[in-house]
Amino acid sequence: MFTGLVEQVGTIARRGGGSLAVRPAVALPDPVIGESIAVNGCCLTLERYSGGLLEFHTLEESLGRTNLARLPLGAPVNLERALRIGDRLGGHFVQGHVDDAVTLRRRERMPDGDLELEFELPGELAPEVIRKGSVALDGVSLTVVALGADFFTVRLIPQTLKDTALPARPVGGAVNLETDLIGKHLRRWYELAAGNADAADGTDSGAGSGITYERLREAGFL
């Protein structure tokens, strides 16, 4: 579990043979083999730490669903170590389970100096993204500013511009998206309550429940 508050930016040093090596900008204090580290928001297990390189095993699922296989060697990546009990939760709960790599469609410098980014929104993920809700983009916890049928926007404040790899992503490039964990559970709850056939007990758990998208919206969930 992570918070979406990037600790530092590293660079991709080596990739291939089911392995990914990342060089952190600053050496990790007391790295533990087997610990979880989010690399561009993708939870990976540290297998080796040698010569200043963090080495991870990468599954086909991780490479196929994220931008880790598409970024060139030397590209910057965001790094965050797993949340410890007692740490401040400054962002939101991030699992490190990337849903999809989405395309950056527009970037625009705003009058106040913030950078606005517009991303495509795949239809299958649209129910899990809400205006003013949280998303993780390349592992960075951000708030959705505007939302359309097939897009959403976020803004990067000066601190985010300075301390993450997001400003390096070009228009047309892929960025890892993880939608909010609470939204996923609400969506699943609604689907089961609506009588989805794959309910755990095989019954229509929503019979008479009266749960609708309208009621969820009125309650502030959507």
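Heavy atoms only, all atoms of each residue included: Ala136 and His92 are closest at N-CE1, 4.1 Å. Minimum heavy-atom separation, Arg70 to Ala174: NH1-CB, 3.5 Å. A pairwise comparison of heavy atoms in Tyr49 and Pro31 identifies CD2-CG, 3.2 Å as the closest pair. Between Leu53 and Ala13, the shortest heavy-atom contact is CD2-CB, 3.7 Å. Residue Ala165 comes nearest to Val9 through the heavy atom pair N-CG2, 3.8 Å, listed as atom of the first residue, atom of the second, then distance.
Arg14 contributes no side-chain N or O that, together with a main-chain N or O of Ser19, makes up a donor-acceptor pair within less than 3.5 Å. Panel note: side chain His97, backbone Cys43; no donor-acceptor pair is recorded below 3.5 Å. Not one N or O on the side chain of Asn176 forms a donor-acceptor pair closer than 3.5 Å with the backbone of Gly41. When atom types are taken as modelled, the side chain of Glu120 and the backbone of Thr103 share a donor-acceptor pair closer than 3.5 angstrom. Side-chain N or O atoms of Arg65 include one that pairs as donor or acceptor with a backbone N or O of Asp99 at under 3.5 Å. The main-chain N or O of Ala82 is never found under 3.5 Å from a side-chain atom of Ser36 such that the two would form a donor-acceptor pair. Checked by atom type and distance alone, the side chain of Arg15 never pairs as donor or acceptor with a backbone atom of Ala21 at under 3.5 Å. The closest donor-acceptor contact from the side chain of Asn78 to the backbone of Asp138 lies under 3.5 Å.
Under the 4.5 Å side-chain heavy-atom criterion for grouping Ile, Leu, Val, Met, Phe, Trp and Tyr, Val135 is not connected to Leu181 through any hydrophobic cluster. Placement of Leu147 and Leu117 within a single hydrophobic cluster is found when ILVMFWY residues are connected by side-chain heavy-atom separations under 4.5 Å, directly or transitively. Residues Leu121 and Leu104 share a hydrophobic cluster, clusters being chains of Ile/Leu/Val/Met/Phe/Trp/Tyr side chains in contact below 4.5 Å. By the criterion of side-chain heavy atoms lying less than 4.5 angstrom apart, applied directly or through intervening Ile, Leu, Val, Met, Phe, Trp or Tyr residues, Leu44 is grouped together with Leu63 in one hydrophobic cluster. Taken together through direct or relayed side-chain contacts under 4.5 Å among Ile, Leu, Val, Met, Phe, Trp and Tyr, Leu73 and Leu68 form part of one hydrophobic cluster.
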Original post:
Does the side chain to side chain contact (heavy atoms under 4.5 Å, CB included) test come out yes or no for Arg169 and Asn67, once each step is laid out?
Top reply: CA-CA 11 Å; Arg169 303 292 178 251; Asn67 62 8; 4.2 Å; yes
**OP:** Show your working on side chain to side chain contact (heavy atoms under 4.5 Å, CB included) between Leu83 and Phe93 and close with a plain yes or no.
**Re:** CA-CA 9 Å; Leu83 175 68; Phe93 284 123; 4.2 Å; yes
Subject >> Test side chain to side chain contact (heavy atoms under 4.5 Å, CB included) applied to Phe119 and Val175, step by step >> reply: CA-CA 9 Å; Phe119 295 90; Val175 173; 3.7 Å; yes
Subject >> Trace of the side chain to side chain contact (heavy atoms under 4.5 Å, CB included) decision for Arg107 with Leu115 >> reply: CA-CA 7 Å; Arg107 54 188 296 152; Leu115 184 65; 3.5 Å; yes
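Between Glu128 and the choices Lys184, His185, Arg187, the side-chain hydrogen bond (donor to acceptor under 3.5 Å, both in side chains) rule is met once, by Arg187. Checking Asn40, Val26, Val6, Val22 one by one against Leu79, the side chain to side chain contact (heavy atoms under 4.5 Å, CB included) holds for a single residue, Val22.
For the pair Glu178 and Ser134, the minimum side-chain heavy-atom distance is 4.5 Å or more. Within the 4.5 Å cutoff, no side-chain heavy atoms of Val32 are placed close to those of Leu46. Inter-residue side-chain proximity for Ile12 and Pro76 is flagged as unmet; no heavy-atom pair is nearer than 4.5 Å. The shortest side-chain heavy-atom distance between Arg155 and Asp112 falls under the 4.5 Å cut-off. Between Leu28 and Ile37 the shortest side-chain heavy-atom distance falls below 4.5 Å. Looking at heavy atoms from C-beta onward, Thr160 lies in side-chain contact with Val140 at the 4.5 angstrom threshold. With a 4.5 Å cut-off on side-chain heavy atoms, Leu137 and Phe152 count as touching. No side-chain heavy atom of Ser141 sits less than 4.5 Å from a side-chain heavy atom of Thr3.
The line from CD1 of Ile182 to CH2 of Trp189 is 13.0 Å long, rounded to the nearest 0.5 Å. With rounding to the nearest 0.5 Å, the separation of CD in Glu124 from CG in Asp100 is 6.0 Å. With values rounded to the nearest 0.5 angstrom, Leu89 atom CG is found 8.0 Å from Leu5 atom CG. Considering CG of Leu59 and OG1 of Thr66, their distance stands at 10.5 Å, rounded to 0.5 Å.
At most 12 non-hydrogen atoms from other residues, nucleotides or ligands lie less than 6.0 angstrom from CD of Glu60. Within a 6.0 Å sphere centred on CZ of Arg48, heavy atoms belonging to other residues, nucleotides or ligands number 12 at most. Atom CZ of Arg109 has more than 12 neighbouring heavy atoms from other residues, nucleotides or ligands inside a 6.0 Å radius.
In summary, the side chains of Glu55 and Ser50 do not present any donor paired with an acceptor at a separation below 3.5 Å, with no hydrogens or angles considered.
A salt bridge between Arg81 and Glu7 is absent, with no side-chain N of the basic residue lying under 4.0 Å from a carboxylate O of the acidic one. Salt bridge present: Asp150 and Arg105 bring a charged side-chain N and a carboxylate O closer than 4.0 Å.
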